[in-house]
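Worksheet: one structure, shown below.
Predicted, not measured: the structure shown is a model, and the values here were computed from it. Atoms considered below: every heavy atom in the structure, side chains included; atoms not considered: hydrogens, waters and symmetry mates.
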Amino acid sequence: MFRKVLIANRGEIAVRIIRALREAGIVSVSVYSDADRASLAVRMADEAARLGPAPSSESYLSIDKLLDAARLHGADAIHPGYGFLSENAEFAQACGDAGIVFIGPPAKAIRSMGSKTAARSMAIAAGAPVVPGTEQPLTRPEDGRDVARRLGYPVLIKAAAGGGGKGMRRVDREEDLEGSIRDAASEALRAFRNDEVYLEKLVLDPRHIEIQVLGDHHGHMIHLGERECSIQRRHQKVIEECPSPIMTADLRERMGEAALKVARAAGYANAGTVEFLVDRDRNFYFLEMNTRLQVEHPVTELVTGLDLVDWQLRIAAGEPLTIRQEDVRWTGSAIECRIYAEDPENQFLPFPGKITRLREPAGPGIRLDSGVYEGWTVPLEYDPLLAKLAVWAPSRQHAIERMKRALGEYAVGGIRTNTRFFLEILADEGFRAGEFSTAFLEQFFQKRQVTRSPAPQDEAVAALIASMNGSATSKQEGTRSNWARLGREDMLR
(Lines give C-alpha, C1' and ligand atoms only; values in the text may rest on other atoms or scores of the structure.)
Protein backbone atom coordinates (compact mmCIF):
# COMPACT_ATOMS: atom_id res chain seq x y z
CA MET A 1 0.00 0.00 0.00
CA PHE A 2 1.07 3.59 -0.53
CA ARG A 3 2.87 5.69 2.08
CA LYS A 4 1.60 9.10 0.95
CA VAL A 5 -1.12 10.17 -1.51
CA LEU A 6 -1.71 13.62 -2.99
CA ILE A 7 -5.35 14.55 -3.66
CA ALA A 8 -5.68 16.54 -6.89
CA ASN A 9 -9.05 18.01 -6.00
CA ARG A 10 -10.98 20.15 -3.53
CA GLY A 11 -14.22 20.33 -1.55
CA GLU A 12 -16.21 17.40 -0.24
CA ILE A 13 -14.53 14.78 -2.42
CA ALA A 14 -11.10 15.78 -1.09
CA VAL A 15 -12.41 15.37 2.46
CA ARG A 16 -13.91 11.98 1.53
CA ILE A 17 -10.57 10.77 0.20
CA ILE A 18 -8.65 12.11 3.21
CA ARG A 19 -10.85 10.01 5.50
CA ALA A 20 -10.25 6.88 3.44
CA LEU A 21 -6.50 7.49 3.49
CA ARG A 22 -6.51 7.99 7.25
CA GLU A 23 -8.33 4.70 7.80
CA ALA A 24 -5.72 2.97 5.62
CA GLY A 25 -2.83 4.58 7.53
CA ILE A 26 -1.73 6.63 4.50
CA VAL A 27 -0.46 10.21 4.78
CA SER A 28 -2.67 12.68 2.88
CA VAL A 29 -1.55 15.77 0.95
CA SER A 30 -4.24 18.30 0.11
CA VAL A 31 -3.58 20.78 -2.68
CA TYR A 32 -5.27 24.18 -2.67
CA SER A 33 -5.66 27.37 -4.61
CA ASP A 34 -5.58 30.78 -2.97
CA ALA A 35 -9.38 30.71 -2.74
CA ASP A 36 -9.23 27.42 -0.80
CA ARG A 37 -6.43 28.24 1.61
CA ALA A 38 -8.74 27.87 4.63
CA SER A 39 -10.81 24.98 3.23
CA LEU A 40 -11.90 22.00 5.32
CA ALA A 41 -9.75 19.65 3.22
CA VAL A 42 -6.63 21.72 3.94
CA ARG A 43 -7.45 21.79 7.65
CA MET A 44 -7.98 18.02 7.77
CA ALA A 45 -5.09 16.78 5.63
CA ASP A 46 -1.74 15.75 7.08
CA GLU A 47 0.08 18.04 4.64
CA ALA A 48 -0.97 20.78 2.21
CA ALA A 49 0.51 22.25 -0.95
CA ARG A 50 -0.36 25.59 -2.57
CA LEU A 51 -0.94 25.40 -6.31
CA GLY A 52 -1.49 29.04 -7.21
CA PRO A 53 -4.23 31.60 -7.89
CA ALA A 54 -7.93 30.79 -7.77
CA PRO A 55 -8.64 30.15 -11.48
CA SER A 56 -8.70 26.39 -12.13
CA SER A 57 -6.40 26.80 -15.11
CA GLU A 58 -3.73 28.12 -12.76
CA SER A 59 -4.31 25.63 -9.97
CA TYR A 60 -6.38 22.44 -10.09
CA LEU A 61 -6.02 22.00 -13.85
CA SER A 62 -2.26 22.55 -13.95
CA ILE A 63 -0.61 19.18 -14.49
CA ASP A 64 2.89 20.59 -13.95
CA LYS A 65 1.97 22.19 -10.62
CA LEU A 66 0.28 19.04 -9.36
CA LEU A 67 3.26 16.87 -10.26
CA ASP A 68 5.67 19.39 -8.70
CA ALA A 69 3.63 19.28 -5.48
CA ALA A 70 3.64 15.49 -5.49
CA ARG A 71 7.42 15.39 -5.93
CA LEU A 72 8.00 18.05 -3.27
CA HIS A 73 5.96 16.13 -0.70
CA GLY A 74 7.21 12.70 -1.74
CA ALA A 75 3.80 11.32 -2.71
CA ASP A 76 3.67 7.77 -4.06
CA ALA A 77 0.35 8.31 -5.81
CA ILE A 78 -2.24 10.88 -6.84
CA HIS A 79 -5.99 10.52 -6.42
CA PRO A 80 -7.85 12.80 -8.87
CA GLY A 81 -11.31 12.60 -7.28
CA TYR A 82 -13.93 13.57 -9.87
CA GLY A 83 -14.02 16.52 -12.24
CA PHE A 84 -10.95 18.63 -13.00
CA LEU A 85 -8.29 16.20 -14.36
CA SER A 86 -9.90 12.94 -13.25
CA GLU A 87 -10.70 11.87 -16.84
CA ASN A 88 -7.68 13.45 -18.48
CA ALA A 89 -5.57 10.80 -20.19
CA GLU A 90 -2.65 13.21 -20.47
CA PHE A 91 -2.61 13.65 -16.69
CA ALA A 92 -2.79 9.90 -16.05
CA GLN A 93 0.08 9.36 -18.51
CA ALA A 94 2.14 12.18 -16.97
CA CYS A 95 1.76 10.62 -13.52
CA GLY A 96 3.04 7.30 -14.82
CA ASP A 97 5.94 8.94 -16.64
CA ALA A 98 6.90 10.69 -13.39
CA GLY A 99 6.88 7.40 -11.46
CA ILE A 100 3.74 8.38 -9.54
CA VAL A 101 0.75 6.04 -9.46
CA PHE A 102 -2.48 7.48 -10.87
CA ILE A 103 -5.34 6.15 -8.73
CA GLY A 104 -7.70 5.47 -11.59
CA PRO A 105 -7.84 3.56 -14.87
CA PRO A 106 -4.95 3.31 -17.36
CA ALA A 107 -4.47 6.33 -19.61
CA LYS A 108 -5.35 4.15 -22.62
CA ALA A 109 -8.75 3.28 -21.13
CA ILE A 110 -9.48 6.94 -20.35
CA ARG A 111 -8.52 7.91 -23.88
CA SER A 112 -10.67 5.21 -25.48
CA MET A 113 -13.75 6.31 -23.53
CA GLY A 114 -13.06 10.03 -23.87
CA SER A 115 -14.69 10.22 -27.28
CA LYS A 116 -18.39 9.39 -27.32
CA THR A 117 -18.21 8.14 -30.90
CA ALA A 118 -15.21 5.91 -30.20
CA ALA A 119 -16.94 4.59 -27.07
CA ARG A 120 -20.08 3.83 -29.09
CA SER A 121 -18.03 1.88 -31.62
CA MET A 122 -16.31 -0.05 -28.85
CA ALA A 123 -19.65 -0.85 -27.19
CA ILE A 124 -21.07 -2.11 -30.48
CA ALA A 125 -18.02 -4.30 -31.04
CA ALA A 126 -18.36 -5.66 -27.51
CA GLY A 127 -21.98 -6.59 -28.10
CA ALA A 128 -23.59 -3.98 -25.85
CA PRO A 129 -26.83 -2.34 -27.09
CA VAL A 130 -26.49 1.30 -28.15
CA VAL A 131 -28.96 3.99 -29.20
CA PRO A 132 -29.21 3.91 -33.03
CA GLY A 133 -27.17 6.70 -34.60
CA THR A 134 -23.86 7.60 -36.24
CA GLU A 135 -20.67 5.86 -35.22
CA GLN A 136 -18.44 8.62 -36.59
CA PRO A 137 -18.58 12.40 -36.07
CA LEU A 138 -20.55 14.43 -38.61
CA THR A 139 -18.06 16.26 -40.84
CA ARG A 140 -20.70 18.46 -42.51
CA PRO A 141 -24.15 19.60 -41.30
CA GLU A 142 -25.84 18.08 -44.34
CA ASP A 143 -24.32 14.65 -43.59
CA GLY A 144 -26.82 14.07 -40.81
CA ARG A 145 -29.90 14.49 -43.01
CA ASP A 146 -30.04 10.95 -44.39
CA VAL A 147 -29.34 9.43 -40.98
CA ALA A 148 -32.06 11.51 -39.33
CA ARG A 149 -34.56 10.52 -42.01
CA ARG A 150 -33.71 6.86 -41.53
CA LEU A 151 -33.99 7.05 -37.72
CA GLY A 152 -37.02 9.31 -37.67
CA TYR A 153 -37.46 12.49 -35.70
CA PRO A 154 -36.89 13.56 -32.98
CA VAL A 155 -33.12 13.07 -32.96
CA LEU A 156 -30.37 14.30 -30.68
CA ILE A 157 -27.13 16.06 -31.64
CA LYS A 158 -24.36 15.44 -29.09
CA ALA A 159 -20.77 16.56 -28.61
CA ALA A 160 -18.33 13.71 -29.20
CA ALA A 161 -15.96 14.90 -26.47
CA GLY A 162 -18.50 16.43 -24.10
CA GLY A 163 -20.91 15.95 -21.28
CA GLY A 164 -23.12 17.82 -18.87
CA GLY A 165 -25.55 18.79 -21.64
CA LYS A 166 -23.13 21.04 -23.48
CA GLY A 167 -23.03 20.67 -27.24
CA MET A 168 -26.39 18.89 -27.15
CA ARG A 169 -29.46 19.79 -29.21
CA ARG A 170 -32.85 18.12 -29.66
CA VAL A 171 -34.13 18.33 -33.24
CA ASP A 172 -37.79 17.69 -34.04
CA ARG A 173 -37.91 18.85 -37.69
CA GLU A 174 -35.62 18.42 -40.68
CA GLU A 175 -35.54 22.17 -41.38
CA ASP A 176 -33.89 22.70 -37.99
CA LEU A 177 -31.24 19.99 -38.37
CA GLU A 178 -28.36 21.81 -40.05
CA GLY A 179 -28.62 24.87 -37.83
CA SER A 180 -28.73 22.66 -34.71
CA ILE A 181 -25.62 20.78 -35.83
CA ARG A 182 -23.73 24.05 -36.34
CA ASP A 183 -24.88 25.42 -32.98
CA ALA A 184 -23.97 22.21 -31.14
CA ALA A 185 -20.53 22.09 -32.80
CA SER A 186 -19.87 25.72 -31.89
CA GLU A 187 -20.83 25.16 -28.26
CA ALA A 188 -18.76 21.97 -28.11
CA LEU A 189 -15.72 23.82 -29.44
CA ARG A 190 -16.02 26.47 -26.74
CA ALA A 191 -16.61 23.97 -23.95
CA PHE A 192 -14.28 21.11 -24.92
CA ARG A 193 -11.97 22.54 -27.60
CA ASN A 194 -13.39 19.91 -29.92
CA ASP A 195 -16.22 20.64 -32.36
CA GLU A 196 -16.99 17.04 -33.29
CA VAL A 197 -20.66 16.09 -32.91
CA TYR A 198 -22.67 13.01 -33.74
CA LEU A 199 -26.34 12.13 -34.14
CA GLU A 200 -28.51 9.54 -32.44
CA LYS A 201 -32.20 8.71 -32.14
CA LEU A 202 -33.84 10.50 -29.21
CA VAL A 203 -35.18 8.02 -26.67
CA LEU A 204 -38.37 9.62 -25.38
CA ASP A 205 -38.86 9.83 -21.59
CA PRO A 206 -36.03 7.44 -20.71
CA ARG A 207 -34.62 6.52 -17.32
CA HIS A 208 -30.94 7.33 -16.81
CA ILE A 209 -29.39 4.37 -15.02
CA GLU A 210 -25.70 3.73 -14.47
CA ILE A 211 -23.83 0.58 -13.48
CA GLN A 212 -20.85 0.72 -11.13
CA VAL A 213 -17.94 -1.52 -12.17
CA LEU A 214 -14.79 -2.44 -10.31
CA GLY A 215 -11.80 -4.18 -11.87
CA ASP A 216 -8.23 -4.97 -10.89
CA HIS A 217 -5.01 -5.29 -12.89
CA HIS A 218 -5.17 -9.09 -12.78
CA GLY A 219 -8.16 -9.52 -15.09
CA HIS A 220 -10.89 -9.68 -12.43
CA MET A 221 -13.94 -7.44 -12.83
CA ILE A 222 -17.34 -7.20 -11.17
CA HIS A 223 -20.30 -4.85 -11.19
CA LEU A 224 -21.93 -3.42 -8.07
CA GLY A 225 -25.37 -2.85 -9.50
CA GLU A 226 -27.15 0.29 -10.56
CA ARG A 227 -27.81 3.85 -9.54
CA GLU A 228 -30.98 5.66 -10.59
CA CYS A 229 -29.98 9.09 -11.93
CA SER A 230 -33.09 10.23 -13.80
CA ILE A 231 -33.83 13.25 -11.59
CA GLN A 232 -31.82 15.80 -13.56
CA ARG A 233 -31.88 19.52 -14.21
CA ARG A 234 -30.28 20.61 -17.48
CA HIS A 235 -28.56 17.21 -17.73
CA GLN A 236 -27.06 17.63 -14.25
CA LYS A 237 -28.01 14.95 -11.73
CA VAL A 238 -29.85 16.25 -8.67
CA ILE A 239 -31.02 13.16 -6.76
CA GLU A 240 -29.61 9.66 -7.08
CA GLU A 241 -30.71 6.40 -5.52
CA CYS A 242 -29.91 2.72 -5.31
CA PRO A 243 -31.59 0.46 -6.22
CA SER A 244 -33.64 1.87 -9.08
CA PRO A 245 -37.42 1.62 -8.60
CA ILE A 246 -37.70 -0.20 -11.95
CA MET A 247 -34.96 -2.72 -11.32
CA THR A 248 -35.54 -6.46 -11.42
CA ALA A 249 -32.99 -9.20 -10.82
CA ASP A 250 -33.03 -10.11 -14.53
CA LEU A 251 -32.62 -6.51 -15.74
CA ARG A 252 -29.78 -5.90 -13.29
CA GLU A 253 -27.98 -9.03 -14.47
CA ARG A 254 -28.33 -8.07 -18.14
CA MET A 255 -27.28 -4.45 -17.62
CA GLY A 256 -24.41 -5.52 -15.40
CA GLU A 257 -23.12 -7.95 -18.01
CA ALA A 258 -23.37 -5.28 -20.73
CA ALA A 259 -21.41 -2.87 -18.54
CA LEU A 260 -18.70 -5.46 -17.96
CA LYS A 261 -18.42 -6.11 -21.70
CA VAL A 262 -17.79 -2.42 -22.33
CA ALA A 263 -15.29 -2.11 -19.48
CA ARG A 264 -13.37 -5.21 -20.54
CA ALA A 265 -13.24 -3.98 -24.13
CA ALA A 266 -11.63 -0.76 -22.89
CA GLY A 267 -9.00 -2.64 -20.87
CA TYR A 268 -10.42 -1.03 -17.75
CA ALA A 269 -9.15 -1.28 -14.18
CA ASN A 270 -10.16 0.54 -10.98
CA ALA A 271 -13.63 2.05 -10.33
CA GLY A 272 -15.74 3.23 -13.26
CA THR A 273 -19.33 3.75 -14.29
CA VAL A 274 -21.14 2.66 -17.44
CA GLU A 275 -24.22 4.77 -18.15
CA PHE A 276 -27.37 3.62 -19.92
CA LEU A 277 -30.72 4.96 -21.07
CA VAL A 278 -33.71 2.70 -20.37
CA ASP A 279 -36.89 3.19 -22.39
CA ARG A 280 -40.51 2.66 -21.37
CA ASP A 281 -40.30 -1.05 -22.30
CA ARG A 282 -37.13 -1.52 -20.22
CA ASN A 283 -34.91 -1.82 -23.25
CA PHE A 284 -31.54 -0.32 -22.35
CA TYR A 285 -28.88 1.38 -24.46
CA PHE A 286 -25.24 2.25 -23.77
CA LEU A 287 -24.74 5.98 -23.32
CA GLU A 288 -21.15 6.55 -22.16
CA MET A 289 -18.56 5.49 -19.59
CA ASN A 290 -17.28 7.73 -16.82
CA THR A 291 -13.70 6.71 -16.14
CA ARG A 292 -13.58 7.95 -12.55
CA LEU A 293 -15.28 7.87 -9.18
CA GLN A 294 -18.80 9.29 -9.44
CA VAL A 295 -20.29 12.03 -7.27
CA GLU A 296 -23.10 9.65 -6.34
CA HIS A 297 -20.92 6.73 -5.25
CA PRO A 298 -22.15 6.87 -1.60
CA VAL A 299 -25.52 5.29 -2.44
CA THR A 300 -23.76 2.23 -3.85
CA GLU A 301 -21.55 2.04 -0.77
CA LEU A 302 -24.56 2.25 1.57
CA VAL A 303 -26.47 -0.52 -0.19
CA THR A 304 -23.56 -2.90 -0.90
CA GLY A 305 -21.48 -2.18 2.22
CA LEU A 306 -18.34 -1.76 0.10
CA ASP A 307 -15.90 1.17 0.32
CA LEU A 308 -15.17 2.22 -3.26
CA VAL A 309 -12.34 4.63 -2.40
CA ASP A 310 -10.60 1.98 -0.31
CA TRP A 311 -10.86 -0.42 -3.26
CA GLN A 312 -9.53 2.26 -5.59
CA LEU A 313 -6.44 2.50 -3.40
CA ARG A 314 -5.99 -1.27 -3.18
CA ILE A 315 -6.38 -1.82 -6.92
CA ALA A 316 -4.00 1.03 -7.77
CA ALA A 317 -1.46 -0.53 -5.40
CA GLY A 318 -1.66 -3.78 -7.35
CA GLU A 319 -3.85 -5.83 -5.04
CA PRO A 320 -6.30 -8.30 -6.62
CA LEU A 321 -10.05 -8.07 -6.13
CA THR A 322 -11.11 -10.52 -3.45
CA ILE A 323 -14.81 -9.99 -4.12
CA ARG A 324 -16.55 -12.28 -6.57
CA GLN A 325 -19.73 -11.31 -8.41
CA GLU A 326 -21.77 -13.72 -6.34
CA ASP A 327 -20.49 -12.04 -3.16
CA VAL A 328 -22.17 -8.72 -3.99
CA ARG A 329 -25.40 -8.14 -2.08
CA TRP A 330 -27.85 -5.24 -2.29
CA THR A 331 -29.58 -4.47 1.00
CA GLY A 332 -32.15 -1.77 1.65
CA SER A 333 -32.44 1.52 -0.20
CA ALA A 334 -30.26 4.64 -0.35
CA ILE A 335 -30.98 8.15 -1.64
CA GLU A 336 -28.57 11.06 -2.15
CA CYS A 337 -29.30 14.78 -2.48
CA ARG A 338 -26.64 17.19 -3.73
CA ILE A 339 -26.64 20.23 -1.43
CA TYR A 340 -25.72 23.39 -3.33
CA ALA A 341 -25.22 27.01 -2.37
CA GLU A 342 -27.85 28.24 -4.79
CA ASP A 343 -31.22 29.97 -4.84
CA PRO A 344 -34.02 27.75 -6.22
CA GLU A 345 -36.37 30.75 -6.18
CA ASN A 346 -34.08 32.73 -8.48
CA GLN A 347 -33.37 30.33 -11.34
CA PHE A 348 -30.97 28.33 -9.17
CA LEU A 349 -28.29 31.00 -9.36
CA PRO A 350 -25.27 30.17 -7.21
CA PHE A 351 -25.28 32.02 -3.88
CA PRO A 352 -21.84 32.92 -2.51
CA GLY A 353 -21.12 34.09 1.00
CA LYS A 354 -19.99 33.23 4.48
CA ILE A 355 -21.62 30.34 6.32
CA THR A 356 -22.61 32.03 9.57
CA ARG A 357 -24.40 29.03 11.07
CA LEU A 358 -24.28 25.32 10.31
CA ARG A 359 -26.42 22.57 11.81
CA GLU A 360 -25.87 19.19 10.18
CA PRO A 361 -28.24 16.20 10.27
CA ALA A 362 -27.36 13.06 12.21
CA GLY A 363 -28.94 9.89 13.50
CA PRO A 364 -29.59 6.38 12.16
CA GLY A 365 -28.92 5.86 8.47
CA ILE A 366 -27.54 9.35 7.78
CA ARG A 367 -24.32 10.01 5.84
CA LEU A 368 -23.06 13.51 5.08
CA ASP A 369 -20.04 14.00 2.81
CA SER A 370 -19.36 17.69 3.41
CA GLY A 371 -16.60 20.08 2.46
CA VAL A 372 -17.64 23.12 4.53
CA TYR A 373 -17.73 24.38 8.10
CA GLU A 374 -19.26 27.25 10.06
CA GLY A 375 -17.32 30.40 9.25
CA TRP A 376 -16.18 29.18 5.82
CA THR A 377 -16.82 31.50 2.89
CA VAL A 378 -18.15 29.73 -0.19
CA PRO A 379 -15.81 30.89 -2.99
CA LEU A 380 -16.98 32.39 -6.26
CA GLU A 381 -14.63 30.48 -8.48
CA TYR A 382 -15.89 26.90 -8.29
CA ASP A 383 -18.99 24.75 -8.49
CA PRO A 384 -21.15 25.60 -5.43
CA LEU A 385 -21.56 22.00 -4.19
CA LEU A 386 -21.44 22.12 -0.39
CA ALA A 387 -22.14 18.53 0.52
CA LYS A 388 -23.80 15.27 -0.44
CA LEU A 389 -26.52 14.13 1.94
CA ALA A 390 -27.23 10.41 1.70
CA VAL A 391 -29.52 8.18 3.71
CA TRP A 392 -30.04 4.42 4.00
CA ALA A 393 -33.16 2.60 5.16
CA PRO A 394 -34.64 -0.90 4.81
CA SER A 395 -37.09 0.26 2.11
CA ARG A 396 -37.39 3.07 -0.43
CA GLN A 397 -40.37 4.66 1.30
CA HIS A 398 -38.53 4.60 4.61
CA ALA A 399 -35.49 6.15 2.91
CA ILE A 400 -37.67 8.97 1.55
CA GLU A 401 -39.04 9.70 5.02
CA ARG A 402 -35.55 9.54 6.50
CA MET A 403 -34.26 11.98 3.89
CA LYS A 404 -37.11 14.35 4.71
CA ARG A 405 -36.13 14.19 8.37
CA ALA A 406 -32.45 14.79 7.54
CA LEU A 407 -33.23 17.77 5.29
CA GLY A 408 -35.38 19.23 8.04
CA GLU A 409 -32.43 19.08 10.42
CA TYR A 410 -30.02 20.66 7.91
CA ALA A 411 -29.64 24.40 8.52
CA VAL A 412 -27.14 26.71 6.81
CA GLY A 413 -27.06 30.40 7.74
CA GLY A 414 -25.66 33.29 5.72
CA ILE A 415 -26.31 31.76 2.29
CA ARG A 416 -29.18 30.05 0.52
CA THR A 417 -29.29 26.36 -0.33
CA ASN A 418 -31.57 23.97 -2.21
CA THR A 419 -32.67 21.87 0.80
CA ARG A 420 -36.30 23.07 0.72
CA PHE A 421 -36.47 22.30 -2.98
CA PHE A 422 -35.60 18.66 -2.24
CA LEU A 423 -38.46 18.47 0.27
CA GLU A 424 -40.85 19.46 -2.51
CA ILE A 425 -39.52 16.72 -4.79
CA LEU A 426 -39.75 14.10 -2.05
CA ALA A 427 -43.42 15.03 -1.55
CA ASP A 428 -44.26 14.60 -5.24
CA GLU A 429 -46.56 11.65 -5.88
CA GLY A 430 -44.73 10.59 -9.04
CA PHE A 431 -41.38 10.56 -7.29
CA ARG A 432 -42.72 8.65 -4.29
CA ALA A 433 -44.24 6.06 -6.63
CA GLY A 434 -40.96 5.72 -8.54
CA GLU A 435 -42.75 6.69 -11.75
CA PHE A 436 -40.52 9.20 -13.49
CA SER A 437 -38.04 9.76 -16.30
CA THR A 438 -35.35 12.28 -17.17
CA ALA A 439 -38.23 14.65 -17.97
CA PHE A 440 -39.39 14.60 -14.33
CA LEU A 441 -38.04 17.98 -13.27
CA GLU A 442 -39.28 19.73 -16.40
CA GLN A 443 -42.78 18.48 -15.65
CA PHE A 444 -42.32 19.20 -11.94
CA PHE A 445 -41.42 22.83 -12.62
CA GLN A 446 -44.50 23.23 -14.79
CA LYS A 447 -46.75 21.97 -11.99
CA ARG A 448 -44.85 24.06 -9.44
CA GLN A 449 -45.31 27.22 -11.51
CA VAL A 450 -49.07 26.69 -11.68
CA THR A 451 -49.46 26.07 -7.96
CA ARG A 452 -47.19 28.98 -7.07
CA SER A 453 -48.68 31.66 -9.33
CA PRO A 454 -48.90 34.72 -7.02
CA ALA A 455 -52.18 36.51 -6.41
CA PRO A 456 -52.30 40.19 -7.52
CA GLN A 457 -52.10 41.38 -3.91
CA ASP A 458 -49.01 39.22 -3.35
CA GLU A 459 -47.32 40.81 -6.35
CA ALA A 460 -48.14 44.28 -5.01
CA VAL A 461 -46.62 43.45 -1.63
CA ALA A 462 -43.53 42.00 -3.29
CA ALA A 463 -43.11 45.14 -5.39
CA LEU A 464 -43.39 47.32 -2.29
CA ILE A 465 -40.77 45.27 -0.42
CA ALA A 466 -38.47 45.34 -3.44
CA SER A 467 -38.68 49.14 -3.68
CA MET A 468 -37.96 49.51 0.04
CA ASN A 469 -34.89 47.28 -0.22
CA GLY A 470 -33.71 48.39 -3.64
CA SER A 471 -30.14 49.14 -2.75
CA ALA A 472 -29.57 45.91 -0.83
CA THR A 473 -31.26 43.86 -3.53
CA SER A 474 -29.20 45.55 -6.23
CA LYS A 475 -25.99 44.73 -4.41
CA GLN A 476 -27.03 41.11 -3.91
CA GLU A 477 -28.11 40.70 -7.52
CA GLY A 478 -24.74 41.99 -8.63
CA THR A 479 -23.08 39.18 -6.72
CA ARG A 480 -25.42 36.56 -8.13
CA SER A 481 -24.93 37.85 -11.66
CA ASN A 482 -21.20 37.34 -11.27
CA TRP A 483 -21.85 33.73 -10.31
CA ALA A 484 -24.21 33.34 -13.24
CA ARG A 485 -21.53 34.53 -15.63
CA LEU A 486 -19.04 32.09 -14.17
CA GLY A 487 -21.53 29.23 -14.51
CA ARG A 488 -21.12 25.67 -13.32
CA GLU A 489 -18.35 23.39 -14.37
CA ASP A 490 -19.64 20.28 -16.07
CA MET A 491 -17.53 18.21 -13.66
CA LEU A 492 -20.63 16.97 -11.88
CA ARG A 493 -22.51 15.53 -14.77
Side-chain angles (χ1 to χ4, degrees), residues 2 4-9 13 17 29 31 51 56-57 60-71 75-123 125-126 137 159-163 192-194 196 212-221 259-275 286 288-294 297 308-309 311-321 489-491 493:
F2 307 112
K4 184 182 292 188
V5 170
L6 181 138
I7 304 160
N9 218 295
I13 188 59
I17 296 167
V29 183
V31 296
L51 293 177
S56 299
S57 59
Y60 299 107
L61 291 175
S62 174
I63 293 176
D64 290 340
K65 289 183 178 181
L66 288 165
L67 292 177
D68 286 344
R71 294 188 191 98
D76 308 297
I78 292 178
H79 196 306
Y82 54 71
F84 293 128
L85 294 171
S86 62
E87 294 182 281
N88 187 298
E90 180 184 348
F91 181 46
Q93 186 64 54
C95 288
D97 293 343
I100 300 170
V101 176
F102 178 79
I103 301 176
K108 183 179 179 181
I110 297 175
R111 195 172 289 113
S112 66
M113 287 294 160
S115 166
K116 300 293 190 298
T117 50
R120 279 172 58 86
S121 298
M122 185 174 292
F192 313 114
R193 299 179 183 178
N194 184 329
E196 292 185 343
Q212 176 72 58
V213 298
L214 199 62
D216 62 21
H217 293 281
H218 305 276
H220 307 301
M221 185 170 291
L260 293 176
K261 287 180 179 178
V262 172
R264 291 189 183 108
Y268 203 86
N270 214 272
T273 300
V274 183
E275 304 201 354
F286 170 78
E288 63 180 346
M289 184 173 189
N290 293 135
T291 55
R292 55 170 166 83
L293 188 69
Q294 291 283 82
H297 76 274
L308 288 177
V309 177
W311 272 110
Q312 281 192 294
L313 297 171
R314 293 178 179 276
I315 290 169
E319 294 186 20
L321 265 176
E489 299 169 14
D490 66 332
M491 61 179 279
R493 63 184 184 273

For the [atom1] atom of [X] and the [atom2] atom of [Y], what is their distance to the nearest 0.5 Å?
X	Y	atom1	atom2	answer
L293	W311	CG	CH2	15.5 Å
L214	L321	CG	CG	5.0 Å
L67	S62	CG	OG	8.5 Å
H79	Q312	NE2	CD	3.5 Å
I63	E90	CD1	CD	4.0 Å
F2	I103	CZ	CD1	5.0 Å

Is it true that atom CD of E319 has more than 12 heavy atoms of other residues, nucleotides or ligands lying nearer than 6.0 Å? yes
Is there a donor-acceptor pair closer than 3.5 Å between any side-chain N or O of [X] and the backbone N or O of [Y]?
X	Y	value
D216	I315	no
S115	R111	no
H218	G318	yes
E275	E288	no
Q212	G272	yes

Could you tell me whether the side chain of [Y] reaches within less than 4.5 Å of the side chain of [X], counting heavy atoms only?
X	Y	value
N9	I17	no
C95	V101	no
V274	L260	no
V31	I7	no
S56	L61	yes

Give me the atom names and distance for the closest heavy-atom approach of [X] to [Y].
X	Y	value
A70	I78	CB-CD1, 4.0 Å
A265	A126	CB-CB, 4.0 Å
A159	K116	O-CG, 3.6 Å
S112	A118	O-CB, 3.9 Å
A98	R71	CB-NH2, 3.8 Å
S86	P80	CA-CB, 3.6 Å

In this structure, which one of M113, K108, M289 forms a side chain to side chain contact (heavy atoms under 4.5 Å, CB included) with Y268? M289
Is K65 salt-bridged to D68, going by a charged N under 4.0 Å from an acidic O? no
Is it the case that the side chains of Q294 and R292 hold a donor-acceptor pair, with the cut-off being a distance below 3.5 Å and no angle test? yes
Angle class for the F102/F91 ring planes (parallel below 30°, perpendicular above 60°, tilted otherwise)? perpendicular
